[in-house]
> 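Following this message is one structure expressed as structure tokens.
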Amino acid sequence: MAATNNGSETVPAPVAAIAGGLAGVTVMSVLFVVFEVQTRTQMELFQVVARFAGVPGRVYVGFALFVVAGTVAWPLLFVALETYVPLEFDPAAAGMGFATVLWLAFVVTGRGSLTGAILLVYAVSTLIAHLAYGFTLGAVYAHLTGIRHTHSSTPT
């Protein structure tokens, strides 16, 4: 298996990553809203970000930081780590691996006072949202940069 650029790269990698981050944040935001509705706002996911940033109680600040980090900071880090991230595996899968690392930090630092069953729901739902973010980030990035996942014809 190998990842190749088909020679028609039209979007620079940082711009493609930011576009992927924007798409990923959109998907993740929709999932977070669904999870908040399903748990009757017990998880307070954007409050988690605000608390992590040192401004508890400011949900709008938490949401703004979530958008900026997910749209700009994390995608640019994804590009910076591209030589270490196995894109030959599959860019969308590599994005999911990258997002899983982000999830670990999110789930550990952001759980606040959640306990019991809601803690399990929080962990699983935020993992699903992070995996969707990473998949979207990697897939959009690959599409815009022209990276194509190819299968090797040589059996292993």
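Predicted model, so just to flag it, every value in this text is computed and none were measured. These values consider heavy atoms only, across backbone and side chains, with no hydrogens, waters or symmetry-generated copies.
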> Do you know which two heavy atoms are closest between Phe35 and Ala129, and how far apart they sit?
CE1-CB, 4.1 Å
> Same cluster or not: are Leu120 and Phe106 linked, directly or through other Ile, Leu, Val, Met, Phe, Trp or Tyr residues, by side-chain heavy atoms under 4.5 angstrom apart?
yes
> According to a 4.5 Å side-chain heavy-atom criterion applied to Ile, Leu, Val, Met, Phe, Trp and Tyr, with indirect links allowed, do Val25 and Val68 form part of one hydrophobic cluster?
no
> Output the distance between atom OH (Tyr84) and atom CZ (Phe98), rounded to the nearest 0.5 Å.
14.0 Å
> Could you report the tightest heavy-atom contact between Ala16 and Val140, atom names first, then the distance?
O-CG1, 4.4 Å
> Would you check, one step at a time, whether the test side-chain contact (heavy atoms from CB on, under 4.5 Å) holds for Ser125 with Phe32?
CA-CA 8 Å; Ser125 61; Phe32 277 177; over 6 Å; no
> Is the distance between the ring centroids of Tyr60 and Phe46 less than 6.0 Å?
no
> Can you tell me how far the CD1 atom of Ile128 sits from the CG atom of Leu31, to the nearest 0.5 Å?
8.0 Å
> Say whether Trp74 and Leu104 are linked into one hydrophobic cluster, either directly or through other cluster members, by side-chain heavy-atom distances under 4.5 angstrom.
yes
> Identify the heavy atoms of Pro75 and Ala17 that sit nearest to each other, and give their distance.
CB-O, 3.1 Å
> Distance check, rounded to the nearest 0.5 Å: Gln47 atom CD versus Glu36 atom CD?
10.0 Å
> Just verifying a value: how many Å separate Leu102 CG and Tyr133 OH, rounded to the nearest 0.5 Å?
7.0 Å
> Hey, could you give me the CE/OG1 distance between Met28 and Thr136, rounded to the nearest 0.5 Å?
10.0 Å
> Please determine whether side-chain contact (heavy atoms from CB on, under 4.5 Å) holds for the pair Leu127 and Val107, giving the CA-CA distance in whole Å, both sets of side-chain angles, and the decisive distance to 0.1 Å.
CA-CA 8 Å; Leu127 176 60; Val107 78; over 6 Å; no
> Consider only side-chain heavy atoms of I, L, V, M, F, W and Y, link residues closer than 4.5 Å, and tell whether Tyr122 and Phe63 are in one cluster.
yes
> Drop me the distance from Leu137's CG to Leu22's CG, to the nearest 0.5 angstrom.
11.0 Å
> Could you tell me whether the side chain of His143 and the main chain of Ala139 form a donor-acceptor pair under 3.5 Å?
no
> Would one find more than 12 heavy atoms of other residues, nucleotides or ligands at under 6.0 Å from atom CZ of Phe135?
no
> Taking the side chain as C-beta and beyond, is there a heavy-atom pair between Thr145 and Val11 under 4.5 Å?
no
> Same cluster or not: Val124 versus Val121, using hydrophobic residues (I, L, V, M, F, W, Y) connected whenever any side-chain heavy atoms lie under 4.5 Å apart?
yes
